[in-house]
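Presented below is the structure to which this report refers.
A note on names: the letters A, B, ... follow the listed sequences, proteins ahead of strands, and every chain is numbered from 1.
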There are 2 protein chains.
Amino acid sequence: MAGILSRRLDIDALRALTAIEDQGGVTRAAEVLGLSQSAVSHRIRRLEASLGCDLLDRRANAPLFTGAGRDLLARARRILGLHDEAVLSLSKSPLQGRIALGMTEDTTCTDLSRILGRFRRLHPEVSVRTRVGMSLTLQTMLAAGALDAAIVQMFRHDVRPQDLLLFREELHWVKSPDLDLPADRPVPFLSFDENCFYRRWGIDMAQDEGRLFETVFECSSAAGITAAVQAGLGVALLSSRYLKPEMEILTANLPAPPDLAYVVRRAKKPRNPALESLIAQIADEISRSGQLQIPA
Amino acid sequence: MAGILSRRLDIDALRALTAIEDQGGVTRAAEVLGLSQSAVSHRIRRLEASLGCDLLDRRANAPLFTGAGRDLLARARRILGLHDEAVLSLSKSPLQGRIALGMTEDTTCTDLSRILGRFRRLHPEVSVRTRVGMSLTLQTMLAAGALDAAIVQMFRHDVRPQDLLLFREELHWVKSPDLDLPADRPVPFLSFDENCFYRRWGIDMAQDEGRLFETVFECSSAAGITAAVQAGLGVALLSSRYLKPEMEILTANLPAPPDLAYVVRRAKKPRNPALESLIAQIADEISRSGQLQIPA
DNA sequence: GGCCGCACATGACAAATTTCGATGCAACCA
DNA sequence: TGGTTGCATCGAAATTTGTCATGTGCGGCC
């Protein structure tokens, strides 16, 4: 067993492995990688062969990865992180300046933080100031020139061509199965706070349909709303990624909710090379994985 | 310029890059990599093409690497470190036990420390106890069963088949050009301390040739000896890697010094799987680079 | 200056690897 | 039970990678 270290991991194979985890399957991973399913399947097989151990658990109803697979996954992400940073550092031009960036609380725990961290390391001469707030607030600041760019949620039909689409979301009316909605009573509404931009939409639209709404709960965090829904407190407008299996999706008697999107929107300002570079990096990550990963 | 991150660095290409630095040239790097010179040249060219920037400085009399090349080199070493650790972690069997390892002070600042560190991370259940000492002392401890293995220097003709050869060295008689050696006076000898195993050889052999030796300086560190040589204090037996350009190598009137080698020698003990795994990792690194890197 | 030798680059071609599309196979769902 | 989904596998095609032979530039040496 001479020369374990002569074995080599292919960067693209590691990328495939992480894509499989992110997308939850080989077929979907192949899509975002821009490859055929068989190519990805083969790649993993080769990786396994070169390591001499299984990475995917191919038995029915088994978790995707074997223990070795999970171990490698963690290491692969670190390797890929270093790798990407190396690639970027070689194609970087020395940037300097300031970036005032806004983002919603939702997105702080996504890939964006990673990209932002890497950007700071690569461009220490650029000062990045990040401001977290609600989408509406951020858009106001953007318009007032207080931000150079912001990551905000909006109706999908409001997205402009120059916006960078991060990912799409669908809104649903949800309630607990335990909750009855008598037709002659106002609908108890669980809402994000005053500045939530689709709260207004919900109330207006529902009233057009002839239902009366009563806001019975207000909370700025999604966690609070989901808890209230599950407790049977009322009806809420929730985006798909916050849905739980126990929730009941309502379609009857309520208008179909509009689609949403998260985008990066720039301020109408003279061009800022540092900002453009940061946005290009975000776009790069998206083109690699189809959309940014949002942890459940 | 869409998709900078779609660029990818090949692990083998990074390996080639570091080999070029270690070996100080493409041709030599090709040798240790087991490839033809043109293959390595091609590889670097492909790497450059995929990155869109030069890595090697091909002008005459220029340092090997461009700025970008040096930047990538540093990153490459980190990536390769993670990579190798990942490979090893997947092929490891859970080891436990104790290893008592001896090494000389010389070798503490080589690749061995890196391998040792990685081994500890990979096998936290193995307790590695390292003891630094002179080669003779370590061999005595080895014989007495106080060590499981030791990295020691010895005459090359004393190397046994079961030893793992780390690298070879040549000894030379050296002195400062300023120092005269009148034939009728004893030769002033600069020596490592009492336990240096070739000090005895030097004195005996030289006396056989009819020269009288007088030890005028004794010091356990190579740095001390080289300083004394350069100061013109006397003659010393130095291994090639401590030679300085200002030193004069003596051949006349002195016996040709024996060749030396650094090896890993095991104790005559029952097999210890943890120890064998560690030694296998060292052997792996050697087979990759021809010999361990010894910083000048 | 002209003639080596050395180190690296380059081009053509051969070998190996990687991909794709088609097809097979098993599990799951209605 | 027939449709669907997700992955493995197979042969052919495409791409990548390596080797051999040869070219180029530089420096040392009569």
Under-4.0 Å salt bridge between Arg15(B) and Asp84(B): yes
No-hydrogen, no-angle side-chain donor-acceptor test under 3.5 Å, Arg75(B) and Ser89(A): yes
Tyr242(A) and Ile225(A), any side-chain heavy atoms less than 4.5 Å apart: no
Spacing between Asp57(B) atom CG and dA7(C) atom P, to the nearest angstrom: 18 Å
Which residues share a side chain to side chain donor-acceptor pair (under 3.5 Å) with Asp163(A), sequence neighbours left out: Arg265(A)
Touch class at under 4.0 angstrom, heavy-atom based, for Arg45(B) against every strand present: sugar-phosphate
Between C1' of dT16(D) and CG of Asp10(B), the distance in whole Å: 10 Å
Interatomic distance, Leu56(A) CG vs dG6(D) P [rounded to whole Å]: 15 Å
Selection: residues 33-44 of chain B, any non-hydrogen atom under 4.0 Å of DNA chain C: Gln37(B), Ser38(B), Ser41(B), His42(B)
N or O in side chain of Thr27(B) less than 4.0 angstrom from dA7(C) OP1/OP2: no
Within 6.0 angstrom of Arg78(A) CZ, more than 12 heavy atoms from elsewhere: no
Atom pair distance, as rounded to whole Å: CG in Leu55(B) and C1' in dA9(C): 15 Å
Interatomic distance, Glu31(A) CD vs dT5(D) C1' [rounded to whole Å]: 12 Å
Contact under 4.0 Å: Arg46(A) side-chain N or O vs dT17(C) OP1/OP2: no
Atom pair distance, as rounded to whole Å: CG in Leu17(A) and P in dC7(D): 13 Å
Atom-to-atom span, CG of Leu47(B) to C1' of dG18(D) - whole angstrom: 17 Å
Side-chain donor-acceptor pair present, Glu169(B), Gln153(B), cut-off under 3.5 Å: yes
Geometric class of the His123(B)/Phe119(B) ring pair [parallel <30°, tilted 30-60°, perpendicular >60°]: tilted
Whole angstrom value for the distance that separates P of dT16(D) from CG of Leu9(B): 16 Å
